[in-house]
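Heads up: the structure comes next, in structure tokens.
Letters A, B, ... mirror the listed sequences (proteins, then strands); counts begin at 1. Remember, predicted model here, so these are calculated numbers, not experimental data.
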There are 2 protein chains.
Amino acid sequence: MGIKATPRSTPAAARSRTPRSIHASGHRTGLFADCPDLIGTPFSYAREEEIYGEGEEAEFVYRVVEGAVRSHKVLSDGRRQITGFHLAGSLFGFEQGEVHWHTAEALSDTRVLIFQRRPIERAATRSAEVACQLWSMATANLRDAQDLTLLLGRRSAQERLAAFLIEVDGRFGRTGTFALPMTRRDIADYLGLTIETVSRTFSQLEEEGALRRAGGRQITLHRARLRHVVET
Amino acid sequence: MGIKATPRSTPAAARSRTPRSIHASGHRTGLFADCPDLIGTPFSYAREEEIYGEGEEAEFVYRVVEGAVRSHKVLSDGRRQITGFHLAGSLFGFEQGEVHWHTAEALSDTRVLIFQRRPIERAATRSAEVACQLWSMATANLRDAQDLTLLLGRRSAQERLAAFLIEVDGRFGRTGTFALPMTRRDIADYLGLTIETVSRTFSQLEEEGALRRAGGRQITLHRARLRHVVET
DNA sequence: CGTCCAATTGAGCCACGTCAACCGCTGTGG
DNA sequence: CCACAGCGGTTGACGTGGCTCAATTGGACG
């Protein structure tokens with residue numbers, strides 16, 4: 001659970017690098033787009049590498065440039081709940097307060113932009129616009145978290161997986177065909193299931209013609225039928 | 001599920017009332033405490049009365065003065081997930097965007113202060129301080145939602161109920177003795193269980209000496225044992 | 001071609017859900 | 001003052017969706 005790969009380099013090292021300007025693509029919110037003085041430092045993480053851990057001081061925030069990241073919490077006995085996946089363009093690690101209250105790990109080799117949290121928070125205390133963007137971001141995350149709450153509290157395995165696949169499809173541009181960036185274990189820990197149940201549910205959905213699998217990760221959705229599974 | 005009592009009066013009527021200044025007690029965040037120009041209008045709701053519905057235009061936000069409120073979402077087939085309880089002092093209904101994405105109902109006869117959302121949002125675009133408070137509030141709600149996510153995704157019935165009772169005790173001042181303001185159905189719909197399972201779990205916890213019941217709602221906790229059930 | 005690990009599949013079990021009976025309090029009407 | 005209806009809560013019997021344990025398959029890579 002959460003195998004740690006050897007870090008290529010440390011955030012401290014990243015901080016000492018010369019920042020280069022790059023423009024982020026596909027961001028969900030416009031935050032930082034209109035803050036030309038906030039330049040992120042490019043950085044990379046290997047597959048399964050930890051980006052930050054729960055309880056660590058929250059010095060940086062991150063934007064995914066390429067790859068994917070998961071945020072999760074673990075109980076002492078190892079049970080894990082993933083609270084979100086961050087794909088290209090999305091910002092994560094912005095958890096107000098002095099410490100991170102999640103652990104973040106790279107799903108695959110991932111490039112990010114790193115920003116120092118302090119200057120952004122200081123900017124927020126001066127600029128209502130920045131603060132409103134942070135508010136807006138927190139609100140979007142809140143809505144996602146509450147949707148997940150409904151999913152976990154009241155939906156069956158089929159409904160959970162179907163809703164999840166529709167969500168991922170949406171993030172990949174609603175093409176209906178994509179490669180899942182996460183393992184069955186990640187999906188299980190996001191949906192509050194076991195890998196076996198996830199696997200069986202994939203099989204059921206495939207039997208019902210709601211999707212087709214190719215090589216485990218590659219998926220083609222039959223969106224109408226999937227949406228029918230989710231209803232509401 | 002969500003029986004609607006006859007409203008005593010409507011929010012529209014509240015809007016036309018003369019605002020009276022009162023000071024809110026026991027608020028979780030200081031929001032509005034230092035905004036003397038933002039005066040709330042007192043208003044009341046009867047037990048089980050709907051305060052606002054999902055999809056309605058979000059014209060007001062609310063602070064509980066006395067009583068308790070639940071926020072929830074429902075699926076088309078009636079399955080319900082309560083996403084939060086709001087006790088005296090807490091602010092709710094502030095769900096950025098034009099419409100509410102929850103339904104809110106009074107658990108018992110409840111007094112609130114109503115604030116118009118528009119002026120607050122306008123204030124936020126002008127004052128970084130106000131915007132930061134809104135951000136901070138959203139962040140606190142986000143943390144709660146993600147804790148609930150872990151609870152629903154990965155914990156057993158006993159752990160859920162124990163964690164819930166500790167949480168409620170905390171909100172009532174950590175006395176260890178209190179009357180639950182909500183029914184078993186509400187608890188079940190918050191914890192993603194059925195009323196029968198909640199009831200049986202109460203019985204188990206009582207057998208194990210982790211709490212004592214008196215008349216259904218009145219509870220005395222054995223905090224050490226309850227905490228032991230939750231661990232982590 | 002062999003190794004490794006993700007994924008699938010099967011068999012059996014159990015925590016929690018379902019269905020149903022019953023209890024006890026409260027309010028109401030005779 | 002009692003009878004009774006209504007409702008929240010508890011308990012029992014039984015069903016089942018998802019979990020556990022275990023074996024097998026399949027794809028990626030050396």
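For A:Met182 and C:dA6, the CE to P distance is 15 Å, given to the nearest whole Å. Between A:Ile187 atom CD1 and C:dA6 atom P the separation is 13 Å, expressed in whole Å. Counting to the nearest Å, the P atom of D:dC19 and the CZ atom of A:Arg184 are 15 Å from each other. In this structure, the CZ atom of B:Phe202 is 12 Å from the P atom of D:dT11, given to the nearest Å. Atom CG in B:Leu211 sits about 15 Å away from atom C1' in D:dG9, given to the nearest Å. Between the C1' atom of D:dT16 and the CD atom of A:Gln158 lies a distance of 15 Å, rounded to the nearest Å. Rounded to an integer number of Å, the gap from CZ of B:Arg155 to P of D:dC19 is 17 Å. Protein atom CD of B:Glu48 is 12 Å distant from nucleotide atom C1' of D:dC7, rounded to whole Å.
Side chains of A:His102 and A:Thr83: a donor on one and an acceptor on the other come within 3.5 Å. Side-chain atoms of B:Gln81 and A:Gln146 form no donor-acceptor pair, as typed in the model, at a separation below 3.5 Å. A donor-acceptor pair shorter than 3.5 Å cannot be found between the side chains of B:Thr201 and B:Arg160.
Between A:Ser203 and C:dT8 there is no side-chain polar atom (N or O) within less than 4.0 angstrom of OP1 or OP2. In this structure, A:Thr194 reaches the D:dC19 phosphate: one of its side-chain N or O atoms is under 4.0 Å from OP1 or OP2. Residue A:Thr183 places none of its side-chain N or O atoms closer than 4.0 Å to OP1 or OP2 of C:dA6. Proximity of A:Ser199 to the phosphate of C:dT8: a side-chain N or O atom is located under 4.0 Å from OP1 or OP2.
With hydrogens and angles disregarded, a donor-acceptor distance shorter than 3.5 Å links the side chain of A:Arg184 to the backbone of A:Gly216. For the pair B:Asp77 (side chain) and B:Arg79 (backbone), a donor-acceptor distance under 3.5 Å is present.
Checking B:Thr197 against A:Val198, the closest nucleotide of DNA chain D that is more toward the 5' end is the one next to B:Thr197. Taking for each of A:Arg154 and A:Gly216 the nucleotide of DNA chain C with the nearest heavy atom, the 5'-most of the two is the partner of A:Gly216.
Axis angle between the ends of the helix from C:dC1-D:dG30 to C:dG30-D:dC1, five pairs each and rounded to 10 degrees, works out to 30°.
Between A:Leu221 atom CG and A:Arg174 atom CZ the span is 10.5 Å, to the nearest 0.5 Å.
Contact annotation for A:Leu193: backbone-only contact, meaning every heavy-atom pair under 4.0 Å involves sugar-phosphate atoms and none involves a base.
Of the candidates D:dG12, D:dG9, C:dG10, the closest approach to any side-chain atom of A:Glu196 belongs to C:dG10. Listed nucleotides D:dG9, D:dG18, C:dC16 differ in distance to B:Arg217; the shortest reach to its side chain belongs to D:dG9. For B:Arg200, the side-chain atoms get nearest to C:dT18 when compared with the rest of C:dT8, C:dT18, D:dT20. Here the nucleotide nearest the side chain of B:Arg213, chosen from C:dT8, D:dT20, D:dT11, is D:dT11.
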List the steps, then state whether salt bridge (charged side-chain N to carboxylate O under 4.0 Å, His left out) holds for A:Arg200 with A:Glu196. CA-CA 6 Å; A:Arg200 275 186 258 269; A:Glu196 295 93 333; 5.7 Å; no
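Tested against A:Tyr52 for a ring-ring contact (aromatic ring centres under 6.0 Å, His included), the candidates A:Tyr62, A:Phe60, A:Phe43, A:Tyr45 yield a single pass: A:Tyr62.
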